[in-house]
Visitor: 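Just passing along the structure, written as C-alpha coordinates.
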Protein chains: 2
Amino acid sequence: MDTRERLIESTRTLLWERGYVGTSPKTIQQLAGAGQGSMYHHFSGKEELARAAIDRTAEELRAAAEAQLSGPGTGRERIAAYLRRERDVLRGCPVGRLTQDPDVMAAPALRAPVEETFSWLRTRLAEVVAEDDGGLDPAATAAAIVATLQGGYVLARAADRTEPFEQAIEGILALLKTR
Amino acid sequence: MDTRERLIESTRTLLWERGYVGTSPKTIQQLAGAGQGSMYHHFSGKEELARAAIDRTAEELRAAAEAQLSGPGTGRERIAAYLRRERDVLRGCPVGRLTQDPDVMAAPALRAPVEETFSWLRTRLAEVVAEDDGGLDPAATAAAIVATLQGGYVLARAADRTEPFEQAIEGILALLKTR
DNA sequence: GTCTATAACTCGATAGAC
DNA sequence: GTCTATCGAGTTATAGAC
(Lines give C-alpha, C1' and ligand atoms only; values in the text may rest on other atoms or scores of the structure.)
Protein backbone atom coordinates (compact mmCIF):
# COMPACT_ATOMS: atom_id res chain seq x y z
CA MET A 1 0.00 0.00 0.00
CA ASP A 2 1.51 3.31 -1.02
CA THR A 3 1.53 6.46 1.06
CA ARG A 4 -1.51 8.02 -0.54
CA GLU A 5 -3.48 4.86 0.07
CA ARG A 6 -2.34 4.61 3.69
CA LEU A 7 -3.41 8.22 4.27
CA ILE A 8 -6.91 7.51 2.96
CA GLU A 9 -7.28 4.32 4.98
CA SER A 10 -6.03 5.99 8.17
CA THR A 11 -8.47 8.83 7.63
CA ARG A 12 -11.32 6.37 7.16
CA THR A 13 -10.48 4.69 10.46
CA LEU A 14 -10.20 7.96 12.35
CA LEU A 15 -13.34 9.49 10.87
CA TRP A 16 -15.22 6.40 11.98
CA GLU A 17 -13.79 6.45 15.49
CA ARG A 18 -13.55 10.15 16.22
CA GLY A 19 -15.40 12.02 13.48
CA TYR A 20 -14.11 14.92 11.41
CA VAL A 21 -13.94 17.49 14.20
CA GLY A 22 -12.10 15.00 16.42
CA THR A 23 -9.52 14.01 13.81
CA SER A 24 -6.37 16.06 13.22
CA PRO A 25 -4.00 15.88 10.26
CA LYS A 26 -1.23 15.04 12.70
CA THR A 27 -3.05 11.95 13.98
CA ILE A 28 -3.75 10.85 10.42
CA GLN A 29 -0.07 11.21 9.53
CA GLN A 30 1.01 9.23 12.58
CA LEU A 31 -1.42 6.38 11.88
CA ALA A 32 -0.38 6.32 8.22
CA GLY A 33 3.30 6.53 9.05
CA ALA A 34 3.65 9.54 6.79
CA GLY A 35 5.14 12.97 7.33
CA GLN A 36 3.50 16.37 7.14
CA GLY A 37 4.91 17.13 3.71
CA SER A 38 3.77 13.81 2.37
CA MET A 39 0.17 14.46 3.28
CA TYR A 40 0.16 17.95 1.80
CA HIS A 41 1.80 16.64 -1.35
CA HIS A 42 -1.06 14.21 -2.03
CA PHE A 43 -3.94 16.31 -0.71
CA SER A 44 -4.61 20.02 -0.44
CA GLY A 45 -5.58 19.60 3.22
CA LYS A 46 -7.78 17.88 5.75
CA GLU A 47 -10.98 18.44 3.81
CA GLU A 48 -9.80 16.97 0.51
CA LEU A 49 -8.42 13.93 2.30
CA ALA A 50 -11.66 13.49 4.21
CA ARG A 51 -13.59 13.66 0.95
CA ALA A 52 -11.54 10.82 -0.50
CA ALA A 53 -12.07 8.79 2.68
CA ILE A 54 -15.81 9.44 2.89
CA ASP A 55 -16.32 8.66 -0.79
CA ARG A 56 -14.71 5.28 -0.36
CA THR A 57 -16.64 4.47 2.82
CA ALA A 58 -19.92 5.47 1.19
CA GLU A 59 -19.18 3.32 -1.84
CA GLU A 60 -18.43 0.31 0.36
CA LEU A 61 -21.61 0.77 2.36
CA ARG A 62 -23.66 0.92 -0.80
CA ALA A 63 -22.02 -2.18 -2.24
CA ALA A 64 -22.56 -4.11 1.00
CA ALA A 65 -26.24 -3.14 1.11
CA GLU A 66 -26.77 -3.97 -2.54
CA ALA A 67 -25.25 -7.42 -2.01
CA GLN A 68 -28.05 -8.31 0.44
CA LEU A 69 -30.85 -6.43 -1.27
CA SER A 70 -30.26 -7.95 -4.70
CA GLY A 71 -29.77 -11.47 -3.31
CA PRO A 72 -32.21 -14.37 -3.46
CA GLY A 73 -35.59 -14.53 -1.72
CA THR A 74 -38.66 -12.40 -1.32
CA GLY A 75 -38.41 -8.71 -0.57
CA ARG A 76 -39.06 -9.37 3.11
CA GLU A 77 -36.39 -12.07 3.26
CA ARG A 78 -33.80 -9.82 1.64
CA ILE A 79 -34.61 -7.01 4.06
CA ALA A 80 -34.19 -9.44 6.96
CA ALA A 81 -30.86 -10.59 5.50
CA TYR A 82 -29.76 -6.98 5.18
CA LEU A 83 -30.77 -6.08 8.73
CA ARG A 84 -29.28 -9.21 10.26
CA ARG A 85 -26.01 -9.02 8.38
CA GLU A 86 -22.96 -9.05 10.63
CA ARG A 87 -22.02 -5.56 11.69
CA ASP A 88 -19.51 -3.78 13.86
CA VAL A 89 -22.38 -2.60 16.06
CA LEU A 90 -20.50 -0.77 18.80
CA ARG A 91 -18.44 1.19 16.30
CA GLY A 92 -21.63 2.43 14.72
CA CYS A 93 -22.31 3.38 11.11
CA PRO A 94 -19.30 5.08 9.49
CA VAL A 95 -21.58 7.20 7.30
CA GLY A 96 -24.40 7.85 9.78
CA ARG A 97 -22.03 9.19 12.40
CA LEU A 98 -20.94 11.93 10.00
CA THR A 99 -24.43 13.46 10.09
CA GLN A 100 -23.66 14.51 13.68
CA ASP A 101 -20.51 16.30 12.65
CA PRO A 102 -21.19 20.02 12.23
CA ASP A 103 -18.11 20.64 10.08
CA VAL A 104 -19.03 17.80 7.72
CA MET A 105 -22.57 19.05 7.29
CA ALA A 106 -21.30 22.60 6.74
CA ALA A 107 -18.94 21.61 3.92
CA PRO A 108 -20.85 20.82 0.72
CA ALA A 109 -18.06 18.57 -0.57
CA LEU A 110 -18.20 16.39 2.55
CA ARG A 111 -21.93 16.49 2.97
CA ALA A 112 -22.76 15.37 -0.58
CA PRO A 113 -21.64 11.72 -0.30
CA VAL A 114 -23.47 11.38 3.04
CA GLU A 115 -26.68 12.78 1.60
CA GLU A 116 -26.45 10.59 -1.49
CA THR A 117 -25.81 7.45 0.51
CA PHE A 118 -28.98 7.76 2.57
CA SER A 119 -31.03 8.99 -0.34
CA TRP A 120 -29.98 5.94 -2.35
CA LEU A 121 -30.55 3.55 0.55
CA ARG A 122 -34.07 4.78 1.24
CA THR A 123 -34.97 4.59 -2.45
CA ARG A 124 -33.48 1.13 -2.87
CA LEU A 125 -35.24 -0.22 0.21
CA ALA A 126 -38.53 1.31 -0.91
CA GLU A 127 -38.23 -0.65 -4.17
CA VAL A 128 -37.73 -3.88 -2.25
CA VAL A 129 -40.62 -3.11 0.11
CA ALA A 130 -42.86 -2.41 -2.89
CA GLU A 131 -42.16 -5.88 -4.31
CA ASP A 132 -44.21 -7.66 -1.63
CA ASP A 133 -47.47 -5.81 -1.52
CA GLY A 134 -48.59 -5.65 2.08
CA GLY A 135 -50.53 -2.41 1.79
CA LEU A 136 -47.59 -0.48 3.21
CA ASP A 137 -46.32 2.89 2.05
CA PRO A 138 -42.94 1.90 0.57
CA ALA A 139 -41.20 5.21 1.26
CA ALA A 140 -42.38 5.41 4.87
CA THR A 141 -41.59 1.77 5.56
CA ALA A 142 -38.15 2.10 3.99
CA ALA A 143 -37.45 5.19 6.10
CA ALA A 144 -38.52 3.31 9.24
CA ILE A 145 -36.21 0.40 8.38
CA VAL A 146 -33.14 2.56 7.76
CA ALA A 147 -33.96 4.63 10.86
CA THR A 148 -34.21 1.50 13.03
CA LEU A 149 -30.77 0.48 11.88
CA GLN A 150 -29.22 3.90 12.48
CA GLY A 151 -31.01 4.31 15.80
CA GLY A 152 -30.03 0.79 16.81
CA TYR A 153 -26.40 1.87 16.69
CA VAL A 154 -27.22 4.81 18.96
CA LEU A 155 -28.89 2.52 21.51
CA ALA A 156 -26.02 0.06 21.41
CA ARG A 157 -23.41 2.74 21.94
CA ALA A 158 -25.43 4.28 24.78
CA ALA A 159 -25.67 0.88 26.50
CA ASP A 160 -22.16 -0.25 25.48
CA ARG A 161 -23.79 -3.55 24.54
CA THR A 162 -25.03 -4.91 21.22
CA GLU A 163 -28.29 -6.22 22.73
CA PRO A 164 -30.46 -3.11 22.19
CA PHE A 165 -29.37 -3.04 18.55
CA GLU A 166 -30.41 -6.65 18.10
CA GLN A 167 -33.69 -6.03 19.90
CA ALA A 168 -34.49 -3.08 17.64
CA ILE A 169 -33.79 -5.18 14.52
CA GLU A 170 -35.90 -8.10 15.74
CA GLY A 171 -38.57 -5.64 16.83
CA ILE A 172 -38.97 -4.10 13.39
CA LEU A 173 -38.74 -7.50 11.66
CA ALA A 174 -41.56 -8.81 13.87
CA LEU A 175 -43.65 -5.80 12.92
CA LEU A 176 -42.92 -6.35 9.22
CA LYS A 177 -43.87 -10.01 9.45
CA THR A 178 -47.14 -11.21 7.91
CA ARG A 179 -47.76 -7.81 6.39
CA MET B 1 -29.82 34.41 35.03
CA ASP B 2 -26.55 34.37 36.92
CA THR B 3 -23.17 33.51 35.46
CA ARG B 4 -23.15 29.91 36.57
CA GLU B 5 -26.55 29.39 34.98
CA ARG B 6 -25.50 31.08 31.73
CA LEU B 7 -22.44 28.85 31.54
CA ILE B 8 -24.58 25.72 31.85
CA GLU B 9 -27.11 26.90 29.29
CA SER B 10 -24.40 27.91 26.83
CA THR B 11 -22.76 24.54 27.24
CA ARG B 12 -26.08 22.79 26.60
CA THR B 13 -26.53 24.72 23.36
CA LEU B 14 -22.99 24.05 22.17
CA LEU B 15 -23.00 20.37 23.10
CA TRP B 16 -26.18 20.00 21.07
CA GLU B 17 -24.80 21.86 18.06
CA ARG B 18 -21.17 20.80 18.04
CA GLY B 19 -20.75 17.96 20.53
CA TYR B 20 -18.18 17.71 23.30
CA VAL B 21 -15.10 17.35 21.10
CA GLY B 22 -16.22 20.32 19.01
CA THR B 23 -16.90 22.62 21.95
CA SER B 24 -14.11 24.61 23.59
CA PRO B 25 -14.19 26.38 26.95
CA LYS B 26 -13.46 29.60 25.10
CA THR B 27 -16.58 29.30 22.94
CA ILE B 28 -18.67 28.52 26.01
CA GLN B 29 -17.34 31.60 27.77
CA GLN B 30 -18.03 33.82 24.79
CA LEU B 31 -21.61 32.56 24.42
CA ALA B 32 -22.19 32.94 28.15
CA GLY B 33 -20.57 36.37 28.25
CA ALA B 34 -18.24 35.18 30.99
CA GLY B 35 -14.48 35.31 31.39
CA GLN B 36 -12.02 32.50 31.77
CA GLY B 37 -11.67 32.97 35.52
CA SER B 38 -15.41 32.96 35.95
CA MET B 39 -15.81 29.58 34.37
CA TYR B 40 -13.00 28.04 36.35
CA HIS B 41 -14.39 29.52 39.54
CA HIS B 42 -17.74 27.73 39.12
CA PHE B 43 -16.48 24.51 37.54
CA SER B 44 -13.26 22.53 37.77
CA GLY B 45 -13.07 22.39 33.97
CA LYS B 46 -14.75 21.46 30.73
CA GLU B 47 -15.77 18.01 31.90
CA GLU B 48 -17.53 19.10 35.09
CA LEU B 49 -19.39 21.80 33.20
CA ALA B 50 -20.41 19.32 30.53
CA ARG B 51 -21.68 16.97 33.21
CA ALA B 52 -23.96 19.67 34.61
CA ALA B 53 -25.21 20.47 31.11
CA ILE B 54 -25.81 16.84 30.13
CA ASP B 55 -27.60 16.09 33.41
CA ARG B 56 -30.03 18.89 32.80
CA THR B 57 -30.64 17.96 29.18
CA ALA B 58 -31.21 14.32 30.11
CA GLU B 59 -33.65 15.32 32.83
CA GLU B 60 -35.62 17.50 30.41
CA LEU B 61 -35.76 14.75 27.80
CA ARG B 62 -37.08 12.32 30.35
CA ALA B 63 -39.72 14.74 31.63
CA ALA B 64 -40.87 15.51 28.08
CA ALA B 65 -41.19 11.81 27.25
CA GLU B 66 -42.99 11.04 30.49
CA ALA B 67 -45.50 13.81 29.79
CA GLN B 68 -46.63 12.00 26.63
CA LEU B 69 -46.29 8.45 27.90
CA SER B 70 -48.29 9.01 31.06
CA GLY B 71 -50.99 11.01 29.26
CA PRO B 72 -54.50 9.85 28.34
CA GLY B 73 -55.34 7.14 25.86
CA THR B 74 -54.35 3.58 25.09
CA GLY B 75 -50.71 2.53 25.04
CA ARG B 76 -50.63 2.81 21.26
CA GLU B 77 -52.17 6.28 21.30
CA ARG B 78 -49.65 7.52 23.83
CA ILE B 79 -46.78 6.12 21.79
CA ALA B 80 -48.15 7.90 18.72
CA ALA B 81 -48.45 11.13 20.73
CA TYR B 82 -44.86 10.72 21.90
CA LEU B 83 -43.51 10.04 18.40
CA ARG B 84 -45.51 12.83 16.78
CA ARG B 85 -44.67 15.44 19.39
CA GLU B 86 -43.15 18.59 17.94
CA ARG B 87 -39.40 18.31 17.75
CA ASP B 88 -36.41 20.27 16.57
CA VAL B 89 -35.78 17.58 13.98
CA LEU B 90 -32.82 19.06 12.11
CA ARG B 91 -30.94 19.76 15.33
CA GLY B 92 -31.25 16.12 16.28
CA CYS B 93 -31.50 14.56 19.71
CA PRO B 94 -29.34 16.38 22.27
CA VAL B 95 -28.70 13.14 24.17
CA GLY B 96 -28.46 10.74 21.23
CA ARG B 97 -25.81 12.82 19.51
CA LEU B 98 -23.51 12.37 22.51
CA THR B 99 -23.26 8.64 21.84
CA GLN B 100 -21.18 9.53 18.77
CA ASP B 101 -18.75 11.57 20.80
CA PRO B 102 -15.69 9.47 21.67
CA ASP B 103 -14.61 11.68 24.57
CA VAL B 104 -18.09 11.54 26.13
CA MET B 105 -18.24 7.77 25.91
CA ALA B 106 -14.70 7.50 27.33
CA ALA B 107 -15.51 9.58 30.42
CA PRO B 108 -17.65 7.60 32.90
CA ALA B 109 -19.09 10.79 34.41
CA LEU B 110 -20.35 11.99 31.02
CA ARG B 111 -21.39 8.61 29.75
CA ALA B 112 -23.56 7.71 32.76
CA PRO B 113 -26.44 10.14 32.15
CA VAL B 114 -26.56 9.16 28.46
CA GLU B 115 -26.69 5.47 29.29
CA GLU B 116 -29.36 6.00 31.96
CA THR B 117 -31.53 8.10 29.68
CA PHE B 118 -31.81 5.43 27.00
CA SER B 119 -32.07 2.62 29.50
CA TRP B 120 -34.99 4.39 31.18
CA LEU B 121 -36.64 5.27 27.86
CA ARG B 122 -36.53 1.71 26.57
CA THR B 123 -37.90 0.34 29.84
CA ARG B 124 -40.64 2.93 30.03
CA LEU B 125 -41.74 2.36 26.44
CA ALA B 126 -41.71 -1.40 26.97
CA GLU B 127 -44.18 -0.93 29.84
CA VAL B 128 -46.48 1.06 27.59
CA VAL B 129 -46.19 -1.48 24.76
CA ALA B 130 -47.03 -4.27 27.21
CA GLU B 131 -50.31 -2.55 28.17
CA ASP B 132 -51.96 -3.31 24.82
CA ASP B 133 -51.31 -6.96 24.24
CA GLY B 134 -50.69 -7.44 20.55
CA GLY B 135 -48.47 -10.47 20.88
CA LEU B 136 -45.39 -8.31 20.55
CA ASP B 137 -42.17 -8.63 22.52
CA PRO B 138 -42.30 -5.42 24.59
CA ALA B 139 -38.53 -4.96 24.91
CA ALA B 140 -37.87 -5.52 21.19
CA THR B 141 -40.77 -3.32 20.13
CA ALA B 142 -39.68 -0.56 22.50
CA ALA B 143 -36.13 -0.75 21.17
CA ALA B 144 -37.44 -0.49 17.61
CA ILE B 145 -39.52 2.58 18.50
CA VAL B 146 -36.67 4.46 20.18
CA ALA B 147 -34.32 3.44 17.37
CA THR B 148 -36.72 4.74 14.71
CA LEU B 149 -36.78 8.08 16.48
CA GLN B 150 -33.01 8.29 16.84
CA GLY B 151 -32.43 7.07 13.30
CA GLY B 152 -35.06 9.46 11.98
CA TYR B 153 -32.89 12.33 13.16
CA VAL B 154 -29.94 10.84 11.27
CA LEU B 155 -31.96 10.60 8.05
CA ALA B 156 -33.29 14.14 8.43
CA ARG B 157 -29.83 15.58 8.99
CA ALA B 158 -28.42 13.64 6.04
CA ALA B 159 -31.18 14.99 3.78
CA ASP B 160 -31.29 18.43 5.41
CA ARG B 161 -35.07 18.06 5.39
CA THR B 162 -37.51 16.87 8.04
CA GLU B 163 -39.42 14.66 5.60
CA PRO B 164 -37.45 11.42 6.08
CA PHE B 165 -37.92 11.78 9.85
CA GLU B 166 -41.65 12.13 9.45
CA GLN B 167 -41.75 9.20 7.03
CA ALA B 168 -39.90 6.99 9.48
CA ILE B 169 -42.31 7.91 12.29
CA GLU B 170 -45.38 7.30 10.14
CA GLY B 171 -43.78 4.11 8.85
CA ILE B 172 -43.35 2.59 12.31
CA LEU B 173 -46.77 3.81 13.45
CA ALA B 174 -48.38 2.10 10.45
CA LEU B 175 -46.56 -1.10 11.36
CA LEU B 176 -47.73 -0.84 14.97
CA LYS B 177 -51.33 -0.26 13.93
CA THR B 178 -53.87 -3.02 14.44
CA ARG B 179 -51.36 -5.12 16.31
C1' DG C 1 7.90 12.48 -2.94
C1' DT C 2 9.31 13.06 1.59
C1' DC C 3 11.55 15.53 5.21
C1' DT C 4 12.10 19.30 8.89
C1' DA C 5 11.27 24.05 10.33
C1' DT C 6 8.34 27.41 11.33
C1' DA C 7 4.10 30.27 11.50
C1' DA C 8 -0.06 31.94 13.59
C1' DC C 9 -3.44 30.31 16.12
C1' DT C 10 -6.40 27.66 19.43
C1' DC C 11 -6.74 24.27 23.38
C1' DG C 12 -7.64 23.45 28.24
C1' DA C 13 -5.93 25.05 32.36
C1' DT C 14 -3.39 27.85 36.09
C1' DA C 15 -1.84 32.14 38.55
C1' DG C 16 -2.58 35.96 40.69
C1' DA C 17 -4.36 40.86 40.63
C1' DC C 18 -8.50 43.25 41.86
C1' DG D 1 -16.50 36.36 41.70
C1' DT D 2 -14.43 38.11 37.81
C1' DC D 3 -10.59 39.82 35.30
C1' DT D 4 -6.14 39.47 32.44
C1' DA D 5 -1.74 37.20 31.71
C1' DT D 6 0.54 33.29 30.81
C1' DC D 7 1.60 28.27 29.99
C1' DG D 8 2.80 24.12 27.25
C1' DA D 9 0.76 21.49 23.98
C1' DG D 10 -1.73 20.85 19.86
C1' DT D 11 -3.92 22.60 15.23
C1' DT D 12 -3.77 23.43 10.25
C1' DA D 13 -0.97 24.87 7.07
C1' DT D 14 3.24 26.88 4.31
C1' DA D 15 8.24 27.01 3.02
C1' DG D 16 11.97 25.18 1.43
C1' DA D 17 15.82 21.67 1.82
C1' DC D 18 16.89 17.15 0.11
Visitor: Figure out the OH/C1' separation between B/Y40 and C/dG16, and round it to whole Å.
Guide: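 Nearest whole value for this atom pair: 16 Å.
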Visitor: Around atom CD of A/E59, are there more than 12 heavy atoms of other residues, nucleotides or ligands at under 6.0 Å?
Guide: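 12 or below, so no.
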Visitor: So if I apply the side chain to side chain contact (heavy atoms under 4.5 Å, CB included) rule between B/F118 and each of B/T123, B/V95, B/L61, which one comes out positive?
Guide: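 For B/F118, the side chain to side chain contact (heavy atoms under 4.5 Å, CB included) test succeeds with only one of B/T123, B/V95, B/L61, which is B/V95.
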Visitor: Can you find a heavy atom in the side chain of A/L110 that is under 4.5 Å from one in the side chain of A/E47?
Guide: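 They are in side-chain contact.
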Visitor: Where the side chain of B/Q36 is defined as all heavy atoms beyond and including C-beta, which of D/dT12, D/dT4, C/dT2 is the nearest nucleotide?
Guide: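 The answer is D/dT4.
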Visitor: Taking atom C1' of C/dT2 as reference, at what distance in whole Å does atom CZ of A/F43 sit?
Guide: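 A/F43 atom CZ is separated from C/dT2 atom C1' by 15 Å.
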Visitor: Is any NZ, NE, NH1 or NH2 atom of the basic residue among B/E9 and B/R56 found under 4.0 Å from an Asp or Glu carboxylate oxygen of the other?
Guide: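 Counted as a salt bridge, because a side-chain N and a carboxylate O are separated by less than 4.0 Å.
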Visitor: Do B/R18 and B/T23 pair up side chain to side chain, a donor and an acceptor below 3.5 Å, judged on atom types alone?
Guide: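 No pair is found: no donor N or O on one side chain lies under 3.5 Å from an acceptor on the other.
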Visitor: If I take atom NE2 in residue A/H41 and atom P in nucleotide C/dT4, what distance separates them, rounded to the nearest angstrom?
Guide: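 Interatomic distance, NE2 of A/H41 to P of C/dT4: 17 Å.
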Visitor: In whole Å, what is the span from the CD atom of B/E47 to the P atom of C/dA13?
Guide: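 Checked: the CD to P distance equals 9 Å.
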Visitor: Please list, by residue number, the residues of residues 7-33 of chain A whose heavy atoms come closer than 4.0 Å to an atom of DNA chain C; answer none if no residue qualifies.
Guide: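 Listed by number, there are none.
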Visitor: Looking only at side-chain atoms of A/S38, point me to the closest of C/dC3, D/dG1, C/dT14.
Guide: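 Ranking C/dC3, D/dG1, C/dT14 by closest atom to the A/S38 side chain puts C/dC3 first.
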Visitor: Rounded to the nearest 0.5 Å, how far apart are CD of B/E166 and CZ of B/R161?
Guide: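 So the CD of B/E166 and the CZ of B/R161 are separated by 9.5 Å.
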Visitor: So, is B/H42 close to the D/dT2 phosphate, meaning a side-chain N or O under 4.0 Å from OP1 or OP2?
Guide: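 So the side chain of B/H42 is within the cut-off, an N or O lying under 4.0 Å from OP1 or OP2 of D/dT2.
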Visitor: In this structure, how many angstroms lie between the C1' atom of C/dT2 and the CE atom of A/M39, rounded?
Guide: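 Computing the A/M39:CE to C/dT2:C1' distance gives 14 Å.
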Visitor: Specify the separation, in whole Å, of atom CD of B/E48 and atom P of C/dG12.
Guide: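 Atom CD in B/E48 sits about 16 Å away from atom P in C/dG12.
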Visitor: For B/G35, answer base if it contacts any base atom (sugar-phosphate contacts may also be present), sugar-phosphate if it contacts only those atoms, and nothing otherwise; contact means non-hydrogen atoms under 4.0 Å.
Guide: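 Sugar-phosphate contact only.
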Visitor: Taking only distance into account, with no hydrogens and no angle test, what donor-acceptor pairs under 3.5 Å do side-chain atoms of residues 134-146 of chain B form with protein atoms, sequence neighbours excluded?
Guide:
unit_1 : atom_1 : unit_2 : atom_2 : d
B/D137 : OD1    : B/A139 : N      : 3.2
B/T141 : OG1    : B/D137 : O      : 2.7

Visitor: What's the closest nucleotide to the A/T3 side chain, out of D/dT2, C/dT2, D/dA13?
Guide: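 Out of D/dT2, C/dT2, D/dA13, the nucleotide with an atom closest to A/T3's side chain is C/dT2.
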